Amino acid sequence: MIVAADFVRSVKARDSEFTVNQGDCPLIVQFAANDARLLSDAARIVCPYANGIDINCGCPQRWAMAEGYGACLINKPELVQDMVKQVRNQVENPRFSVSIKIRIHDDLRRTVDFCRKAEATGVNWITVHGRTVEERHQPVHYDAIKIIKESMSIPVIANGDIRSLKEAESMWQITRTDGVMVARGLLANPAMFAGYEETPLKCIWDWVDIALELGTPFMCFHQHLMYMMEKITSRQEKRIFNALSSTSAVLDYLTDHYGI
């Protein structure tokens with residue numbers, strides 16, 4: 001989730017938060033925004049390098065809500081409609097997609113109405129995280145996602161607490177959506193969709209190869225390894241690994257501990 005205002009106003013923000021290569025296709029860029037003009041400007045900047053943008057209308061974090069971003073937008077359908085329209089007007093490529101990711105209301109009728117308004121404005125698809133803004137670790141409301149899917153003509157994607165391929169398939173079976181989106185589960189295990197229950201060592205070394213080949217900044221390189229190794233390291237090992245401060249130190253650690 002990239003803050004559109006910072007992205008538009010700061011070259012430093014663009015350089016640190018948005019880099020691509022030819023293998024990144026299809027690619028959707030997700031923005032946090034509360035201003036239609038700034039979002040359309042951000043979309044215009046990324047459109048030569050991406051296939052579409054997604055408007056985050058689901059982030060429940062306090063800082064995002066306080067800034068008028070994320071999940072508070074599900075209560076501002078007119079603003080979301082205006083943002084979609086302005087992106088459509090600014091980006092000339094007719095195949096450039098505009099999508100939204102949302103949470104649900106306590107009254108699901110409001111969510112269905114919000115989604116229908118978004119569809120009428122030209123949103124290409126909607127991802128639904130099946131919890132309200134207040135809910136964090138409560139069970140995902142699969143029934144709500146199913147009702148939203150049945151109410152829409154455009155594709156609907158289900159999201160929420162998917163930790164394995166089996167759980168993804170189960171969510172799809174219940175909701176009958178057009179797809180399933182995974183966030184934290186894939187950060188922890190990028191091989192999930194290949195059926196692995198935890199990150200295989202080959203996946204870790206694939207990431208090392210990619211990062212070294214493309215010159216990935218150390219913070220990003222290290223952070224993803226921390227996610228991937230969450231399940232396969234002890235608490236003591238985590239403390240040591242997470243404190244490493246250079247690429248060479250990380251490579252030495254991996255070689256010493258995993259013998260590759």
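The first residue of the sequence shown is numbered 1, and numbering continues consecutively from there. Since we're looking at a predicted model, the values are computed, not measured.
- In this structure, Ser97 contributes its side chain and Asn124 its backbone to no donor-acceptor pair below 3.5 Å.
- The pair Arg44-Asp41 meets the salt-bridge criterion, since a charged nitrogen lies less than 4.0 angstrom from a carboxylate oxygen.
- Within the 3.5 Å criterion, the main-chain N or O of Gln138 finds a donor-acceptor partner in the side chain of Arg131.
- Of the possible polar contacts, none joining the Arg103 side chain to the Pro60 backbone as a donor-acceptor pair under 3.5 Å is found.
- Distance alone, capped at 3.5 Å, is enough to place a donor-acceptor pair between the Asn51 side chain and the Leu27 backbone.
- Results of the salt bridge (charged side-chain N to carboxylate O under 4.0 Å, His left out) test with Asp113 over Arg110, Lys117, Arg116 single out Lys117 as the only residue that passes.
- Linking ILVMFWY residues whenever their side-chain heavy atoms come closer than 4.5 Å, directly or via other members, leaves Tyr227 and Tyr196 in distinct clusters.
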task: Would you sort out whether Glu135 and His141 count as a side-chain hydrogen bond (donor to acceptor under 3.5 Å, both in side chains), showing the intermediate values?
output: CA-CA 11 Å; Glu135 292 175 325; His141 300 287; 3.0 Å; yes

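- Annotation: the span from Cys115 atom SG to Ile126 atom CD1 amounts to 4.0 Å, rounded to 0.5 Å.
- Using a 4.0 Å cut-off between charged nitrogen and carboxylate oxygen, Asp6 and Lys12 do not count as a salt-bridge pair.
- Interatomic distance, Phe31 CZ to Leu38 CG, rounded to the nearest 0.5 Å: 11.0 Å.
- Side-chain atoms of Glu78 and Asp82, non-hydrogen and from C-beta on, never get closer than 4.5 Å to each other.
- Each of Thr19, Val20, Val29, Asp24 was compared with Tyr49 under the side-chain contact (heavy atoms from CB on, under 4.5 Å) criterion, and only Val20 meets it.
- Between the side chain of Asp178 and the backbone N or O of Val156, at least one donor-acceptor pair lies under 3.5 Å.
- From Phe7, atom CZ reaches atom CG of Asp15 across 9.0 Å, with rounding to the nearest 0.5 Å.
- Between atom CD1 of residue Ile102 and atom CD1 of residue Ile55 there is a gap of 12.0 Å, rounded to the nearest 0.5 Å.
- Using a 4.5 Å heavy-atom threshold, the side chains of Met181 and Lys101 count as touching.
- Summarising the geometry of Ile154 relative to Val123, their closest heavy-atom pair is CD1-O, 3.5 Å, with the distance given to 0.1 Å.
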